[in-house]
Amino acid sequence: MKTRCLRSPRSAAALLQAGGIVAFPTETVYGLGASVFDERAIRAVFRAKGRPSDNPLIAHIASREQVPLLAARVPASAQKLMDKFFPGPLTVVVPRHPAVPDAATAGLDTIGIRMPALPVTREFLAACAVPVVAPSANRSGRPSPTDWRAVREDLDGRIDGILIGIAAEVGLESTVVDCSGRVPLLLRPGAIGLEALRRVLPALRPYVPRAGQVVRSPGLKHRHYAPRARVVLVASVADAEPGPRSAYIGVERASARGFASVLRCRDIATYAQGVFRFFRDCDAAGLVTIHCQRVPETGLGVALMDRLRRAAAR
Ligand code: TXA
Ligand code: MG
């Protein structure tokens with residue numbers, strides 16, 4: 001299959017409407033989209049990524065008017081979150097509309113809904129005229145793509161098109177909140193932090209999977225965000241082991257000498273924005289160890305530490 005690189009949101013939308021699977025930018029990470037009502041295209045998305053079929057997709061919308069196409073009902077907690085944070089880096093899980101095919105939600109009776117904020121994404125989604133289901137546009141298990149070249153690295157020849165856009169501003173995937181149960185649960189931390197969510201929904205709790213229980217978010221059980229190199233978390237650069245095949249990323253000012261690659265980030269937001277690209281570049285350079293500085297777990301630091309821990313888990 002030839003993968004077309006497109007600059008026009010309308011051309012990308014036309015490709016999707018013709019049954020194609022098309023990657024597109026968002027402010028979090030790039031997604032790989034198919035029409036929510038096109039089961040054949042949805043199956044092609046799972047195949048292109050090598051994604052386990054038990055992992056549900058997020059439906060992306062251009063406007064609030066599309067919510068009733070996806071949701072059987074909108075719980076009050078979900079409505080509050082949508083009013084406050086749409087458009088933005090937030091996914092809200094609600095009971096699924098019966099017209100949504102099983103393939104999209106991996107058979108779950110709920111569906112995650114997100115309205116991205118990036119203008120080019122909104123243009124693309126509006127031109128699609130249907131909700132677009134999309135996982136992150138990486139090969140399954142690899143770091144999420146934060147620029148269109150990363151999508152091409154992973155999926156060239158496996159998808160119909162890539163809508164070219166800017167590098168992702170956030171760099172980590174959306175916050176996911178499950179509003180389908182009695183108590184709203186934070187399934188995946190992201191740029192919208194627990195503190196901000198709790199100002200809207202004081203009852204919100206972080207979801208902690210218990211042994212023997214069905215996992216609420218199937219994506220949580222799969223290995224994620226990992227480069228091929230071994231990821232080691234360190235308190236500071238002084239704890240990292242320099243060497244010709246070793247890398248370091250962190251927010252510290254202290255000098256980092258003797259590493260093959262170093263990324264010193266201005267702040268936690270810049271760290272989050274750059275970490276997945278750094279992982280990919282370290283892999284391309286054949287490095288074997290990537291030392292990542294731990295960050296305080298408040299605000300965006302919670303989401304960043306979540307991704308770093310998953311990348312470090314073997
Ligand atoms: O920022 C993002 O969310 C990006 C962009 C493209 O929107 N998308 C993304 O999709 O990260 P993906 O498929 O890589 O991660 C979606 C996560 C998975 O962990 C999945 O299990 C969970 O959301 N999820 C999706 N639908 C769900 C549902 N109905 N119930 C529980 N978890 C769900
Ligand atoms: Mg993903």
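Atoms within a ligand are numbered from 1 in the order they appear, just like the ligands themselves. The chain is numbered in sequence order, starting from 1.
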Using a 4.0 Å cutoff against the non-hydrogen atoms of [X], which atoms of ligand 1 qualify?
{"X": "Leu187", "answer": "31 (C), 32 (N)"}
{"X": "Gly31", "answer": "6 (C)"}
{"X": "Ile111", "answer": "29 (N)"}
{"X": "His60", "answer": "5 (C), 6 (C), 7 (O)"}
{"X": "Thr28", "answer": "1 (O), 2 (C), 5 (C)"}
{"X": "Pro135", "answer": "10 (O), 12 (P), 13 (O)"}

ILVMFWY cluster, Leu57 and Val92 together (side-chain gap under 4.5 Å): yes
Glu241 versus Ser246, side-chain donor and acceptor atoms under 3.5 Å: no
Gln293 side chain to Val251 backbone, donor-acceptor under 3.5 Å: yes
Under 3.5 Å donor-acceptor, Thr28 side chain and Glu173 backbone: no
Heteroatom test (N, O or S) for Asn138 near the Mg ion (ligand 2), limit 2.8 Å: no
Nearest option to atom 13 (O) of ligand 1, as decided by whichever heavy atom of Arg51, Glu173, Lys49 sits closest: Arg51
Trace of the salt bridge (Lys or Arg N to Asp or Glu O under 4.0 Å) decision for Glu123 with Arg7: CA-CA 12 Å; Glu123 235 182 280; Arg7 293 197 176 269; over 6 Å; no
contact_flag Thr105 ligand 1 heavy-atom lt 4.0 Å: no
Asn55 near ligand 1 by a heavy-atom separation under 4.0 Å: yes
Carboxylate-amine/guanidinium proximity below 4.0 Å for Arg264 and Glu252: no
Aromatic plane relationship, Phe259 with Tyr248 - under 30° parallel, 30 to 60° tilted, over 60° perpendicular: tilted
